Every structure is written in C-alpha cells, then in structure tokens.
Chemist: 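Structure incoming, see below.
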Amino acid sequence: GTTALELLPQIRAVAPGAPVIVLSGHGDERIAVELMKGGAADYLAKDSITAERLGRALHYAISLGDAKRATARAEERQRWSTERLQFLVDSAPALYGMHRLEELVNAGAETARELLDAPVAFVGLWPPEGAALGAMAKVDAAGAEASSPRTGAGDPLLARVAAGGVFCRLSSDEAEPLVRASWPDSPWPEGHVLLGTRLVADRRIVGYIAVAQAVAAVGEDYGDVFIAQLGHLLSTAVENSLLHQAKERALRARDDILAVVSHDLRSPLGNVRLGVALLKELVEDEEAGEVIERIEGGVTHMSKLVDDLLDMARIEGNRLALDIRLEQVSSLVDAAAKLADVHAAAKRITFVTESTADAALVQVERHRILQALSNLLSNALKFTPDGGEVRLAAWATADEVCFRVTDSGPGIAPEDLPHVFGRFWRKETNKTKRGLGLGLFIVKGIVEAHGGHVRAESTPGHGSSFTLVLPRAAEALTA
C-alpha cells in the first residue's frame, strides 16, 4: 500500500493549507522527522494515542494552519503595499512634470486606477486661479474619457468627497447616485466601494480622486491610505502647475515690458549716437571733445544694458536663436584678443594669449561665443589692478575645446563662488558699481545653448579663472 511519506505530498498538492496529522502503527523517529519536514502538523503512533493527546494534536494542527494562513495573508498584503508604494514613487516625476490641466486629470485618473487595480477611477479638478471651469476625467478598461468643463461648485461627487475629510469610503449604494450625477453614462460596478480623497492647492479644495475597489480585494483595508497618498502627490502636481503657469505669465509680462523699453530706448539712443558722431566731426575744442567722449561712453553703456536685458529674457525663455557655423579656434582667439587689447593697454595690463588648439574646430555662432569671451575678458580687465596680467588660453581634447580667462585680480570669496553665474550677481567694490550683474549669467546661457558648460575657480588674493568648454567639431574645415 501507499506509505505516509508517499501520501503526504499528494495531500499537500490537493489541499496546501490543510493541517495533516499522521497516525501510524510504526514508532519510527526517522519517518516522523521526514513527515514533519514534509509539512505534517503532528505524528502519532497508534499504540500511544489517547483522546486527550489526539485533541491536543488537532488543536495544534488547526492553530498552526490558522497561523500559516494569517502569515501568508500578511506577507501578501505587505508585498501589495510595497508594490503600491513603489508605484507611487515611480509615478511622481511624470505627474510633477505636467503643467496642463487636461494632462493632470487624465494621468491622475489612470494612476489611481492602476494603483488599486480598479475597474474605474475618476478625477475632477478646478484650480483656484482664474477658474470657474475645470476638467474631469474617467479612466476604465476601455481607456480615458473626458467630461465637458463645468463649474466644480455643482459637482455632487466633489461635494461628498470634500466633506469626507482627507479620505472617504462610500458603500456601493452611496456611491452609485453620486457617480451617475457626475457621470451619467458610467454605471457603478457592483460589489465595489468608493474610495475618495480631496485635492488641495493654495489651501483650497480644488478637486477629488474617486476609485472603485472590490470589497474582497487584497489590501482593501489600506486602499484609502494609498488613495490619500496619491491625493497628496496630485495636489503637489497641481501646485507645481499653478506655479509654472504663474511663472510663464510673469515671464511673458516681463518680455512685453522689455520689448517696449528696448524699443523706446533704442530709438533715442540711436539719435544720441548720431548726434555724437556729428559733434565729433564739427567740434575741434579739446575740452568739448572730452565731454563728447563721455557722452559716447554713456550711450554705449546704456545700449549694452538694453542688450543684456534682452539677452537675459531670451536665455530664460529658451529663445536664444543661434546661427551655427563651423569656426576655427585660432580665429576666435584672435578676434577676442583684439577686443581686449585696447582696454588692457589703457590700464597697463599685460595681456597674453596661449593656444595649443589653433586648428581645432567648433560649431558655434561666432558673434555669441565672442560675446561670451568678451564678457569674461571685460570682467578680468575690470578687476585686475593696473600693471597686472590677464591671460586667454585655449586647448583641445579629443571631444572638447576649452577657453580659459585668468586674471591677477583680488579673486572671489569662497561663499560667493557658487553664485557668480546667477542673475544680477556682481562683486561690488568702491570702483566698480556699474552694470546689472548679468554678464556671467549671459556667458553661462550662451555656452549652455551651444551644448557646453562653464566653470569658475578662484583663490582670494590670487585672481580668478573662468573656463568655457564647448563640444569639439569633427567636420573638416572647408573653404
């Protein structure tokens, strides 16, 4: 016949969770150990069985089975919870990167449905800014469906979920009329409760998430917790969207003002420049000539301020248009040096150029790269004392071309170094308070627009160096 060792695996295969007590006429301890290893709850020899001992064995076997099933359920819930948490973590970046209302509601509903393996999920969103009208989305197995925009004030599902606090749980009977009122063509699935949470932005309730969850689903007890977590996540995404929209409005308003200001300033500055040129031809008096030169310097300075403001707006709006051409490094170094030579001579500063990359090529807009190098050289000359030294060096690696401007000025304090490329940052001294502090910001914007990067290094008392790094071009220079 079949032995207990042969029969036990068959029983475990048919009823894995059933407790098994083996009654045997043999008192073999080796067999008892093997049976216990195989999953038997107990092993009793027939010749020593009593009612009391059998009762204890049965009680132990049932308790052991209950404990194993409880452990399995706990492990399943833990696994389910871990997967849900990871899903929320993975979903956050995409939601945070969305700035359109319709995108957020569709993605939010899809995320809620996937989070709880739900047959259907709803999201309604009515942001506080501007908006009597909002957007609603339903996602089920058939896909996403959008509702016509309408006011959130009359939405019964929003009112009920909002009244429930951080999260609410409604029975199927409670949920069905609310859902039908908001979504007339969406019957509520039988045997499902509604889990909901409100969305909050700018300290106001701006929407809701509602999900259908099966009554006997894994993690039923924790579903509302995860929906509440998704509500926090989506609320943060809404806040980000509102901030992004406010920033875009502010940038557009600023650009409009800058456009008007630049237009209104350029015309009179152009007239003054023409007048100065005419006066220089007509006036021979030396003292008057010095006044005319100061006027000309002021006009040049004002024109640069206007140009810097416009460049800042273009850089921040990612609208810095580039006319890319193939350029030789030696040509760029020579042109930059010519721009700096006159100013260096005026301050008796030694200006040195060093290049080991004359034949190397870069794909750049010549005017913009020279503008960046000129800004760096102007700063170096401005902060280098009379009799000091400024160097412009260039070299190349297999993949990059580097330009470095080094000065012998006072250097930059360590606490200031991380901020030098910020907008309106400037190192003020008693002698240098002119300018908006946009020069290095513009350098960084120009270089990054070319796919490069720039870095600053300095030791107080021993000068500073700024390195501009650009991708090296592989094409041959053509005539």
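Predicted, not measured: the structure shown is a model, and the values here were computed from it.
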Chemist: Does the pair R368 and D311 meet the rule for a salt bridge (charged side-chain N to carboxylate O under 4.0 Å, His left out), with working shown?
Modeler: CA-CA 10 Å; R368 287 299 185 183; D311 282 342; 3.1 Å; yes
Chemist: Walk me through it: do C402 and L468 pass the test side-chain contact (heavy atoms from CB on, under 4.5 Å)?
Modeler: CA-CA 6 Å; C402 305; L468 184 158; over 6 Å; no
Chemist: Is there a side-chain contact (heavy atoms from CB on, under 4.5 Å) between N375 and L440? Walk through the geometry before answering.
Modeler: CA-CA 7 Å; N375 281 1; L440 293 178; 5.9 Å; no
Chemist: Give the minimum heavy-atom separation between V364 and H450, together with the two atoms involved.
Modeler: CA-CD2, 3.5 Å
Chemist: Are L470 and I369 packed together at the side-chain level, in the sense that at least one heavy-atom pair is separated by less than 4.5 angstrom?
Modeler: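 Yes, their side chains come closer than 4.5 Å.
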Chemist: Quick one: does S241's side chain have a donor or acceptor within less than 3.5 Å of a partner on A237's backbone?
Modeler: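 Judged by distance alone, no pair lies under 3.5 Å.
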Chemist: Would you call D407-K382 a salt bridge at under 4.0 Å N-O?
Modeler: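 Looking at D407 and K382, the cut-off is not met.
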Chemist: Which value, rounded to the nearest 0.5 Å, describes the distance between L320 atom CG and M312 atom CE?
Modeler: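 One gets 13.0 Å once the value is rounded to the nearest 0.5 Å.
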Chemist: Can K444 and E448 be counted as an ion pair, charged N to O under 4.0 angstrom?
Modeler: yes
Chemist: Between D416 (side chain) and I412 (backbone), is there a donor-acceptor pair under 3.5 Å?
Modeler: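 Absent.
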Chemist: Measure the CZ-OG distance between F383 and S378 for me, rounded to the nearest 0.5 Å.
Modeler: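 Answer rounded to 0.5 Å: 11.0 Å.
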Chemist: Where is the tightest heavy-atom contact between E365 and A321, given as atom of each residue plus distance?
Modeler: OE1-O, 3.5 Å
Chemist: Less than 4.5 Å apart, any side-chain heavy atom of V362 and any of R472?
Modeler: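 No, side chains not in contact.
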Chemist: Can you give me the closest heavy-atom contact between E239 and A201, atom names plus distance?
Modeler: OE2-CA, 3.3 Å
Chemist: Is the shortest side-chain heavy-atom distance between H462 and P410 below 4.5 Å?
Modeler: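 Not touching, per the 4.5 Å side-chain cut-off.
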Chemist: Report yes or no: do S458 and S464 form a side-chain donor-acceptor pair below 3.5 Å?
Modeler: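 Yes - a donor-acceptor pair under 3.5 Å links their side chains.
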Chemist: Rounded to the nearest 0.5 Å, how far does CD of Q213 lie from CZ of F226?
Modeler: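 Atom-to-atom, F226:CZ and Q213:CD are 10.5 Å apart.
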Chemist: Whether the side chain of D202 engages the backbone of R204 through a donor-acceptor N/O pair (distance < 3.5 Å, no angle test) should be reported.
Modeler: no
Chemist: Measuring from atom NE2 of H453 to atom CD of E400, what distance do you get when rounded to the nearest 0.5 angstrom?
Modeler: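 Reported to 0.5 Å precision, the distance equals 5.5 Å.
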Chemist: For residues 189-197, run the donor-acceptor check on the side chains, cut-off 3.5 Å, and write out each pair with its distance to 0.1 Å, sequence neighbours left out.
Modeler:
residue, atom, partner, partner atom, Å
H192, ND1, E190, O, 2.8
T197, OG1, V166, O, 2.4

Chemist: Are any of the side-chain heavy atoms of P460 and P414 separated by less than 4.5 Å?
Modeler: yes
Chemist: Assess, by modelled atom type and distance only, whether the side chains of Q78 and S81 contain a donor and an acceptor separated by less than 3.5 Å.
Modeler: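 No, no side-chain donor-acceptor contact under 3.5 Å.
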Chemist: When you measure from the side chain of R84 to the backbone of L115, do you find a donor-acceptor pair of N or O atoms at a distance under 3.5 Å?
Modeler: yes
Chemist: Evaluate the side-chain contact (heavy atoms from CB on, under 4.5 Å) criterion for residues W183 and W188: first the C-alpha distance (whole Å), next the side-chain angles of each, then the deciding distance (0.1 Å), finally the verdict.
Modeler: CA-CA 10 Å; W183 293 87; W188 186 253; over 6 Å; no
Chemist: Please tell me if the side chains of F87 and E114 come closer than 4.5 Å, counting only heavy atoms from C-beta onward.
Modeler: yes
Chemist: Any sub-3.5 Å donor-acceptor pair from S171's side-chain atoms to E174's backbone N or O?
Modeler: yes
Chemist: Which residues pass the ring pair (Phe, Tyr, Trp, His ring centres under 6.0 Å) test with H244, not counting sequence neighbours?
Modeler: H99
Chemist: Assess, by modelled atom type and distance only, whether the side chains of D90 and Q86 contain a donor and an acceptor separated by less than 3.5 Å.
Modeler: yes
Chemist: Search all heavy atoms of V329 against all heavy atoms of A394 and return the closest pair with its distance.
Modeler: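 Reported closest heavy-atom pair: CG1-CB, 3.9 Å.
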Chemist: In this structure, which one of L101, L158, I209 forms a side-chain contact (heavy atoms from CB on, under 4.5 Å) with L125?
Modeler: L101
Chemist: Check whether any side-chain heavy atom of L157 sits under 4.5 Å from a side-chain heavy atom of Y208, and report yes or no.
Modeler: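 Side-chain contact under 4.5 Å: yes.
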Chemist: Is a side-chain donor or acceptor of T467 paired with a backbone partner of F403 at a separation under 3.5 angstrom?
Modeler: no
Chemist: What's the shortest heavy-atom distance between L116 and V211, and which atoms?
Modeler: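 In this case the closest contact between L116 and V211 is CD1-CG1, 4.1 Å.
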Chemist: Could you tell me whether the side chain of S235 and the main chain of V200 form a donor-acceptor pair under 3.5 Å?
Modeler: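 Such a contact is found between S235 side chain and V200 backbone.
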Chemist: Quick check for you: to the nearest 0.5 Å, what is the distance between E176 atom CD and S172 atom OG?
Modeler: 6.0 Å
Chemist: For the atom pair CZ (R404) and CH2 (W395), what is the distance rounded to the nearest 0.5 Å?
Modeler: 3.5 Å
Chemist: Please lay out, stage by stage, how L104 and L234 fare under the test side-chain contact (heavy atoms from CB on, under 4.5 Å).
Modeler: CA-CA 8 Å; L104 277 174; L234 196 55; 4.1 Å; yes
Chemist: Which heavy-atom pair separates V123 from A109 by the least distance, and what is that distance?
Modeler: CG2-N, 3.4 Å
Chemist: Do I446 and Q371 have side-chain heavy atoms sitting under 4.5 Å apart?
Modeler: yes
